[in-house]
Amino acid sequence: TSINCLANNFGDDDLATLLTAIEGTSVRSLCGLTEGQTVADFSKQNLKPIDCKIIAAEFGFQGFIAAVTSINCLANKFGEEDLATLLTAIEGTSVRSLCGLTEGQTVADFSGQNLGPIDMKIMAAEYGFQGFIAVLTSINCLNNPLEDGVQVIINAFEETPRLRTLCGLEEGVEHIDWSDSGKGPADVALLATDLKAGRAADAVANLNISEAIIGDAGTTLVQAISSSPTLEFITIGKGVRLPLKDDFDSDILDASAKGIEPGGAIVIAWWLTTSVVSALTSVNCLHNPLEEGLQVIIKAFEEDRKSTR
């Protein structure tokens, strides 16, 4: 009654042959499902576009998949056309999730699952049809190669006041320690979004992102920390701790050989424009991989010189 044809090198003609062959037979699934099954986990199976068509075809002949309420399609090799195929296939069915969520679930940990841009679009699509994802209050999307998909999930977050965090933060957290955690620009962008929104992160006072690669999330991070009413310290690079409320307690900032990359340079350049550095007379940023961040630091320095003339 059930055949699993997924994750093979089939083509459209092969699928057509299969569908013809099972007409009038007892076969009720081409995806390995069983009668009465309500949850189907197809995640991380290296599925390709043809597999999406197989899943859609089973909906078409009302196989066992017709009883499924939750499907997990994440971490496969789907594209936007495949997502469109899935969305069309589940219209009018009992499916309420494409992300493996269950009814009433409020917390979802998607961290470290090798999710990419298309997976963020799948999540956003589930918000679009108000699936089980709509009642989540906490999502953790950290440690994934999101690339430009990070903006997709950020947009969904901004449009969903019920959702409190994209980083799995606890409500009222005051200290965030990401030191030596290998976080990258996408993670920093998610964190900046949490900080700027001030939902679960509305009480954060101390932020340590030592060793994180801030990268192109630098500007977004600056916007978040500059608007935070509670954040008192941020630590970047290799232990460069910058006060944000109280005056810097030295006339020298020694950030030499501290792993300050372009994103970190943006943070330091902004920090140099704040009132907490009024006593600062010297900054050492030598021996850092500043790259284009060098010009950002130089511009901040030149603007400071003009303002003090």
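Numbers here simply count residues along the sequence, with the first being 1. All heavy atoms count here, side chains included; hydrogens, waters and symmetry mates do not.
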Atom pair [atom1] ([X]) and [atom2] ([Y]), whose distance is rounded to the nearest 0.5 Å:
{"X": "Thr230", "Y": "Glu174", "atom1": "OG1", "atom2": "CD", "result": "8.5 Å"}
{"X": "Lys44", "Y": "Asn114", "atom1": "NZ", "atom2": "CG", "result": "8.5 Å"}
{"X": "Ser278", "Y": "Asp247", "atom1": "OG", "atom2": "CG", "result": "4.5 Å"}
{"X": "Leu136", "Y": "Tyr127", "atom1": "CG", "atom2": "OH", "result": "5.0 Å"}
{"X": "Ser111", "Y": "Leu166", "atom1": "OG", "atom2": "CG", "result": "12.5 Å"}
{"X": "Ile266", "Y": "Asp216", "atom1": "CD1", "atom2": "CG", "result": "8.5 Å"}

Would Thr165 and Asp194 count as a side-chain hydrogen bond (donor to acceptor under 3.5 Å, both in side chains) if you check the C-alpha gap in whole Å, the side-chain angles of each, and the deciding distance to 0.1 Å?
CA-CA 6 Å; Thr165 174; Asp194 271 8; 2.5 Å; yes

For atom CG of Asn46, is the number of surrounding heavy atoms from other residues, nucleotides or ligands below 6.0 Å larger than 12?
yes

>> So for atom NZ, which belongs to Lys299, do other residues, nucleotides or ligands contribute more than 12 heavy atoms lying within a distance under 6.0 Å?
In response: no

Strictly distance-based, threshold 3.5 Å: is any side-chain N or O of [X] a donor or acceptor partner for the main-chain N or O of [Y]?
{"X": "Ser94", "Y": "Ala66", "value": "yes"}
{"X": "Thr106", "Y": "Thr137", "value": "no"}
{"X": "Ser70", "Y": "Leu101", "value": "yes"}
{"X": "Asn284", "Y": "Leu286", "value": "yes"}
{"X": "Glu261", "Y": "Ile214", "value": "yes"}
{"X": "Asn76", "Y": "Phe78", "value": "no"}
{"X": "Asn72", "Y": "Phe42", "value": "no"}
{"X": "Trp271", "Y": "Pro243", "value": "yes"}
{"X": "Asn8", "Y": "Phe10", "value": "no"}
{"X": "Asn288", "Y": "Gly259", "value": "yes"}

Is there side-chain contact between [X] and [Y], with heavy atoms separated by less than 4.5 Å?
{"X": "Leu86", "Y": "Cys73", "answer": "yes"}
{"X": "Ile209", "Y": "Lys183", "answer": "no"}
{"X": "Ser97", "Y": "Thr102", "answer": "no"}
{"X": "Arg241", "Y": "Asn206", "answer": "yes"}
{"X": "Leu163", "Y": "Ile139", "answer": "yes"}
{"X": "Ile50", "Y": "Asp14", "answer": "no"}

Provide the closest heavy-atom pair for [X] versus [Y] in the form atom of the first, atom of the second, distance.
{"X": "Val152", "Y": "Ala124", "value": "CG1-CB, 3.8 Å"}
{"X": "Arg199", "Y": "Phe157", "value": "NH1-O, 3.1 Å"}
{"X": "Asp82", "Y": "Pro49", "value": "OD1-CB, 3.2 Å"}
{"X": "Lys196", "Y": "Ser227", "value": "CG-OG, 4.3 Å"}
{"X": "Ile54", "Y": "Cys31", "value": "CG2-SG, 4.1 Å"}
{"X": "Ser228", "Y": "Val204", "value": "OG-O, 4.4 Å"}

Shared ILVMFWY cluster between [X] and [Y], side chains joined below 4.5 angstrom?
{"X": "Leu294", "Y": "Val222", "result": "yes"}
{"X": "Val39", "Y": "Val107", "result": "no"}
{"X": "Val240", "Y": "Phe301", "result": "no"}
{"X": "Phe233", "Y": "Leu221", "result": "no"}
{"X": "Trp270", "Y": "Ile213", "result": "no"}

Of Leu74, Asp119, Ile122, the one forming a side-chain contact (heavy atoms from CB on, under 4.5 Å) with Leu98 is Ile122

Between Leu195 and the options Leu169, Leu190, Leu207, the side-chain contact (heavy atoms from CB on, under 4.5 Å) test singles out Leu207

- Could you give me the CA-CA distance, side-chain angles and deciding distance for Leu253 and Val277, then say whether side-chain contact (heavy atoms from CB on, under 4.5 Å) is met? CA-CA 10 Å; Leu253 173 66; Val277 299; over 6 Å; no

- Query: Between Glu80 and Lys121, is the closest basic N to carboxylate O distance under 4.0 Å?
  - Reply: yes

Quiz item: Does Arg96 come within less than 4.0 Å of Glu103, counting only side-chain N to carboxylate O?
Solution: no

ask   = Does the pair Asp51 and Gln45 meet the rule for a side-chain contact (heavy atoms from CB on, under 4.5 Å), with working shown?
value = CA-CA 10 Å; Asp51 299 301; Gln45 294 186 26; over 6 Å; no

- Evaluate the criterion side-chain contact (heavy atoms from CB on, under 4.5 Å) for residue pair Val150 and Thr193; output intermediate values, then yes/no. CA-CA 10 Å; Val150 70; Thr193 299; over 6 Å; no

Open item on the list: Using side-chain contact (heavy atoms from CB on, under 4.5 Å), reason through Asn143 and Asp187 one step at a time and then give a plain yes or no.
Closed with: CA-CA 7 Å; Asn143 302 317; Asp187 301 308; 4.0 Å; yes

